[in-house]
Amino acid sequence: MTDFKRYTITAALPYANGPLHIGHIAGAYLPADTYVRYLRLRGEDVVFICGSDEHGVAITLGARKEGVQPRAFVDKYHGLMKKAFEDFGISFNIYSRTSNQVHYETAQEFFKKIYDQDLFIEETSDQYFDEQEGIFLADRYIIGTCPNCGNTNAYGDQCEKCGTSLSPKQLINPRSTVSGNTPVLKPTKHWYFPLDKFENWLKEWLIDGHKDWKTNVFGQCKSWLDQGLQPRSITRDLDWGIPVPLPDAKGKVLYVWFDAPIGYISATKELKPNDWEKYWKDPETRLIHFIGKDNIVFHCIIFPSMLKAAGDYILPDNVPANEFLNLEGDKLSTSRNHAVWLHEYLQDLPGRRDELRYVLTSISPETKDADFTWKDYQQKVNSEMVAILGNFVNRVMVLVWKYFDGKVPSEHELPGTDDRRKRVLSLYTQAHTDLNKSVKEMTDALKNFRFREAQFQMLNLARIGNKFLADTEPWKLAKEDMEAVGCILNYALTVVGNIALACEPFLPDGAASIRRQLNSELEKSKSDFWKKEELVHIVLPQHQLGKAELLYRNVEDTEIEKQVERLKKPQQAAAPVATTENAVKPLKPEIVFDDFSKLDIRVGTVTSAEKMEKSNKLLKLRVDDGLGGRTILSGIALHYTPEEMVGKQVTFIANLAPRKMMGIESQGMILMAEDKDGKLKLVQPTDIVSPGSTVS
RNA sequence: GGCGCGGUAGCUCAGGUGGUUAGAGCGUUGGAUUCAUAACCCAAAGGUCGGGGGUUCAACUCCCCCCCGCGCUACCA
């Protein structure tokens, strides 16, 4: 890492449609901030870039739902996130936004640069069009029945119930969320980025060149490359976004994932209008993206290809993506309000920023998904931050005030004539060796993005300090050898000072508190410590210390009980973001009796059932329909086992055109009720009826 | 179904080109201590390293099969 002259560090641009929760923080912003603080302490030239991602259909959808213009909508969430980051102490050099003028220009230039090389593919295809509103419908504006799980509210790009990714044309009964009408297919032109043409280059650059990346990141990328890449459309028909900078592109905007990562560049431009280029084009600059695992593909495959295509840009040197954070054993969920919101945390537990940083780093999902629990939070704060770190600093302060009136005892050689002094000397040597070892391990871990380990080694300094005091027992020596006590406490203060330096990237508030207590900014020692990676001298003899203050307070049971309670009744405090998921689905357009009577609905009895081979969602059912039986495939394998299906009566559409799936023809469709949580339940008559009975 | 990542003490996690009694922190228990936010320090208990095969003088570490978690992907009337 010494080969690089400067650093460009980015943290994923949060999407401006809701507040931030601890999952976001643990995934990207906290590790990035810790790393950046470390670099700054070393004296490196670093820019830490972030901002709100404010385009895309989800924004327009959200705005519509709140009854405001997209602009007002993103203003609100941008403000909310910016403030939460600031209040929490994430130290961006700039927190920008993709709706800025600079970004519009940058993204358009970027597009043009690739366009001028004739790299894009132009293609006209049929897309759904809402005739009443006169607009093309982006994937997410179309809702229909998911062909997989039967969810009647699946989006055109993905069914959020079963997670299947879809294309709008797969939806059954598509309807526009704008007008409620059935959309029609109409041709429209779009531009595609030829990812496939970068496949070989990516393999060389990434697979051959970056085996040093985290295994989860590397493995995921390799998996994608092995599956083969396809051109991706990078424009949309929308009125919110960055206009495609071409004469024949009225009503077209850049697709959000195309413009968002360029936001890193525009934000840098905004921050450094005159010399932004050296942070993006100089090979001696190290570019690092901090993201969550959901973003791996964009940052490791797509964005690098874009940068490569645009030419003369540097590429990410590392992308330390984290896995996900769970909460109390459950996935974080915005719609169920199962989350710890950052702004609420800061309100409910004021002055406890370090506590959240510490706990989130200690369980940082570096290699696998992690779980945040309030009990664990309490335990870690109380038994590690308070009992080990806070207590060590405090007892040193108290001892120095007690025996030396708050004046740093002078350091000097301790003549080691008697056994007692020899013992102190050897304990000092041992402590010093251990401390230096931990400092080295801490910095090594930081360089390799292992923040859990780094923080552990940081806390280890306090552990060693505690042991040093317990072993040397200055309070006993005070009765017989004050000179020795002075030496011991002088050294203990040195350790405290070094802890102030060491904990700065992890616990900035604690670091500040220790500096106040030492009555010194430790300015001169900072870069020394972080560059030499060993204990440094800091405290001057006869220097007057500040007053002792407690670093951290214990977390009481009542404090966390309140938080746990809140999570137990999640529906009460509705999530600040409305989603379609928690609403009862809107009615479909009205039909006439004739429409209904076209359906032949019948009841039959399942005579046999088996799991479809090579499918984990399909069951193959044999249904007695009173007419000799028929085979029906149904995507319910996640809800019913074959065994429990046998003998059950089911309601099915009897005159639906047969459809082949995975080589087998399905002769009908089983009707299911979908519960709020997405669970499917059979629709059955309350009593047994004879097979073939009709429903009307 | 395919692919990726993971499955090690109660909890959070280390580890290893295969080789003496598998490690740490927290928690628990016992002891010691009083400078300190009943904190610190010492010690102990606690694991057939997801399961089953195989290779080997020797596997938690390599190979095969299976199970579980998370993610991507396919099928999805």
Side-chain angles (χ1 to χ4, degrees), chain A residues 145-151 154 159 162-166 170 172-173 214-224 226-227 293-294 296-297 321 323-324 326 331 359 362-371 373 375-376 379-380 382-388 390-403 450 452-453 456 459-460 462-463 465-476 478 485 488-489 492 548 550-554 611-619 632-638 652-653 656-670:
Chain A
T145 302
C146 172
N148 176 32
C149 67
N151 167 24
C159 171
C162 64
T164 306
S165 57
L166 302 165
Q170 289 175 275
I172 312 149
N173 270 327
K214 288 174 64 172
T215 53
N216 59 336
V217 177
F218 188 84
Q220 185 64 51
C221 291
K222 190 162 182 306
S223 176
W224 271 77
D226 288 346
Q227 281 170 39
K293 68 173 160 185
D294 51 331
I296 290 176
V297 171
E323 302 283 305
F324 288 149
N326 293 327
K331 270 185 209 183
V359 174
S362 75
I363 58 169
S364 183
E366 286 166 9
T367 52
K368 59 183 168 194
D369 290 358
D371 192 29
T373 69
K375 189 81 202 130
D376 192 44
Q379 203 165 72
K380 286 204 156 86
N382 292 359
S383 64
E384 296 175 27
M385 298 183 78
V386 175
I388 295 171
N391 186 228
F392 172 65
V393 173
N394 184 242
R395 62 199 298 208
V396 174
M397 288 299 294
V398 169
L399 284 167
V400 176
W401 272 101
K402 179 165 179 176
Y403 296 123
R450 290 185 290 117
R452 254 190 340 227
E453 168 72 9
F456 175 82
L459 198 75
N460 218 219
R463 283 195 191 93
N466 274 321
K467 185 169 163 50
F468 176 68
L469 287 184
D471 288 347
T472 53
E473 299 180 299
W475 50 90
K476 277 189 181 166
V485 174
I488 291 167
L489 291 186
L550 295 181
L551 230 42
Y552 304 107
R553 284 181 301 111
N554 272 309
K611 202 146 186 297
M612 279 286 281
E613 221 169 298
K614 300 205 166 197
S615 161
N616 55 357
K617 289 183 182 158
L618 279 182
L619 286 189
I632 300 180
L633 305 187
S634 184
I636 56 173
L638 296 174
F652 63 95
I653 311 285
L656 190 65
R659 166 78 174 227
K660 241 186 173 178
M661 280 181 283
M662 306 194 74
I664 304 235
E665 189 176 80
S666 177
Q667 302 153 323
M669 173 174 164
I670 309 278

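Protein chains get the first letters and strands the later ones, always in sequence-line order, with residue 1 at the start of each. Small disclaimer: the values here were computed from a predicted structure and weren't measured.
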(request) Hey, which sits more toward the 5' end of RNA chain B by its nearest nucleotide, A:Q379 or A:K331? (result) A:Q379
(message) Checking the side chain of A:S223 only, and the main-chain atoms of A:G219 only, is there a donor and an acceptor separated by less than 3.5 Å?
(response) no
(request) Figure out the CG/P separation between A:N460 and B:G25, and round it to whole Å. (result) 8 Å
(request) Return no unless some side-chain N or O of A:T373 is found under 4.0 Å from OP1 or OP2 of B:C11. (result) no
(request) Measure from the side-chain heavy atoms of A:R463 and tell me the nearest of B:U12, B:C26, B:U37. (result) B:C26
(message) Between B:G71 and B:U56, how far apart are the two P atoms, rounded to whole Å?
(response) 41 Å
(request) Map every base of RNA chain B to its dot-bracket character, where paired means a Watson-Crick or G-U wobble contact with both distances under 3.5 Å and | marks a partner outside the strand. (result) (((((((..((((.....[...)))).((((.........)))).....(((((..]....))))))))))))....
(request) State, yes or no, whether a side-chain contact exists between A:L469 and A:P474 at a heavy-atom distance under 4.5 Å. (result) yes
(request) Can you tell me the distance, in whole Å, between the CD1 atom of A:I388 and the C1' atom of B:C26? (result) 8 Å
(request) From the options B:C13, B:C42, B:U37, select the nucleotide whose nearest atom is closest to the side chain of A:K467. (result) B:C42
(message) Minimum heavy-atom separation for A:W401 and A:A548, please, with both atom names.
(response) NE1-N, 4.2 Å
(request) Would you indicate which nucleotide in B:C35, B:A39, B:U37 comes nearest to any side-chain atom of A:V386? (result) B:U37
(request) Among the candidates B:G25, B:C3, B:C70, find the nucleotide nearest to the side-chain atoms of A:S223. (result) B:C3
(request) Please state how far atom NZ in A:K380 lies from atom C1' in B:G10, giving the value in whole angstrom units. (result) 13 Å
(message) For the P atoms, the ones on B:U48 and on B:A32, what distance do you get once it is rounded to whole angstrom?
(response) 33 Å
(message) Side chain of A:W224 only, heavy atoms from C-beta on: which candidate in B:A36, B:C5, B:C72 is closest?
(response) B:C72
(request) In plain terms, say whether A:D371 and A:K331 are close enough for a salt bridge, that is, a side-chain N and a carboxylate O under 4.0 Å apart. (result) no
(request) When you get a sec, tell me which of B:G2, B:U37, B:C13 is the closest nucleotide to the side chain of A:A370? (result) B:C13
(request) Assign A:N466 to base, sugar-phosphate, or nothing according to its heavy-atom contacts below 4.0 angstrom with the strands shown. (result) sugar-phosphate
(message) Distance check, P atoms only: B:C63 and B:G1, in whole angstrom units.
(response) 22 Å
(request) For B:U33 versus B:G52, give the span between their P atoms, rounded off to a whole number of Å. (result) 48 Å
(message) With rounding to the closest Å, how many angstrom separate the P atoms on B:A14 and B:C67?
(response) 26 Å
(message) Please report the distance, rounded to the nearest Å, between CG in A:L399 and P in B:U37.
(response) 11 Å
(message) Let's see if you can work this out: which of B:G71, B:U12, B:U34 has an atom nearest to the side-chain heavy atoms of A:K293?
(response) B:G71
(request) With the side chain of A:R452 defined as its heavy atoms from C-beta on, choose the nearest nucleotide among B:A14, B:C40, B:C70. (result) B:A14
(message) Let me confirm one number: the CZ-CD distance from A:R463 to A:E384, rounded to the nearest 0.5 Å.
(response) 6.0 Å
(message) Output the rounded distance in Å from CH2 (A:W475) to C1' (B:A39).
(response) 12 Å
(message) Ignoring hydrogens, what is the shortest heavy-atom contact between A:R395 and A:N466? Give both atom names and the distance.
(response) NH1-OD1, 2.8 Å
(request) Can you tell me the distance, in whole Å, between the NZ atom of A:K375 and the C1' atom of B:U12? (result) 15 Å
(message) So which atom in A:L656 and which in A:M669 form the shortest heavy-atom distance, rounded to 0.1 Å?
(response) CD2-CB, 3.6 Å
(request) Take atom P in B:G50 and the same atom in B:G6, then report the distance between them in whole Å. (result) 13 Å
(request) With the side chain of A:Q220 defined as its heavy atoms from C-beta on, choose the nearest nucleotide among B:C5, B:U33, B:C72. (result) B:C72
(request) Would you mind telling me which of B:C40, B:U33, B:C26 lies closest to the side-chain atoms of A:E384? (result) B:C26
(request) Using the test side-chain contact (heavy atoms from CB on, under 4.5 Å), find all partners of A:A321 that sit at least two apart in sequence or belong to another chain. (result) A:V217, A:I291, A:I296
(message) Output the rounded distance in Å from CD (A:E323) to P (B:C72).
(response) 11 Å
(request) Write down the distance between CG (A:D371) and P (B:C26), rounded to a whole number of angstrom. (result) 21 Å
(request) Answer yes or no: is there a side-chain heavy-atom contact under 4.5 Å between A:N216 and A:E323? (result) yes
(request) Take atom P in B:A39 and the same atom in B:C26, then report the distance between them in whole Å. (result) 13 Å
(message) Suppose you measure atom C1' in B:A43 against the same atom in B:A36; what distance do you get, rounded to whole Å?
(response) 22 Å
(message) Base, sugar-phosphate or nothing for A:K214? Non-hydrogen atoms, less than 4.0 Å.
(response) nothing
(request) By nearest nucleotide on RNA chain B, pick out whichever of A:A462 and A:S362 is the more 5' one. (result) A:S362
(message) Within this structure, what is the CZ-OG distance for the pair A:R452 and A:S364, rounded to the nearest 0.5 Å?
(response) 6.5 Å
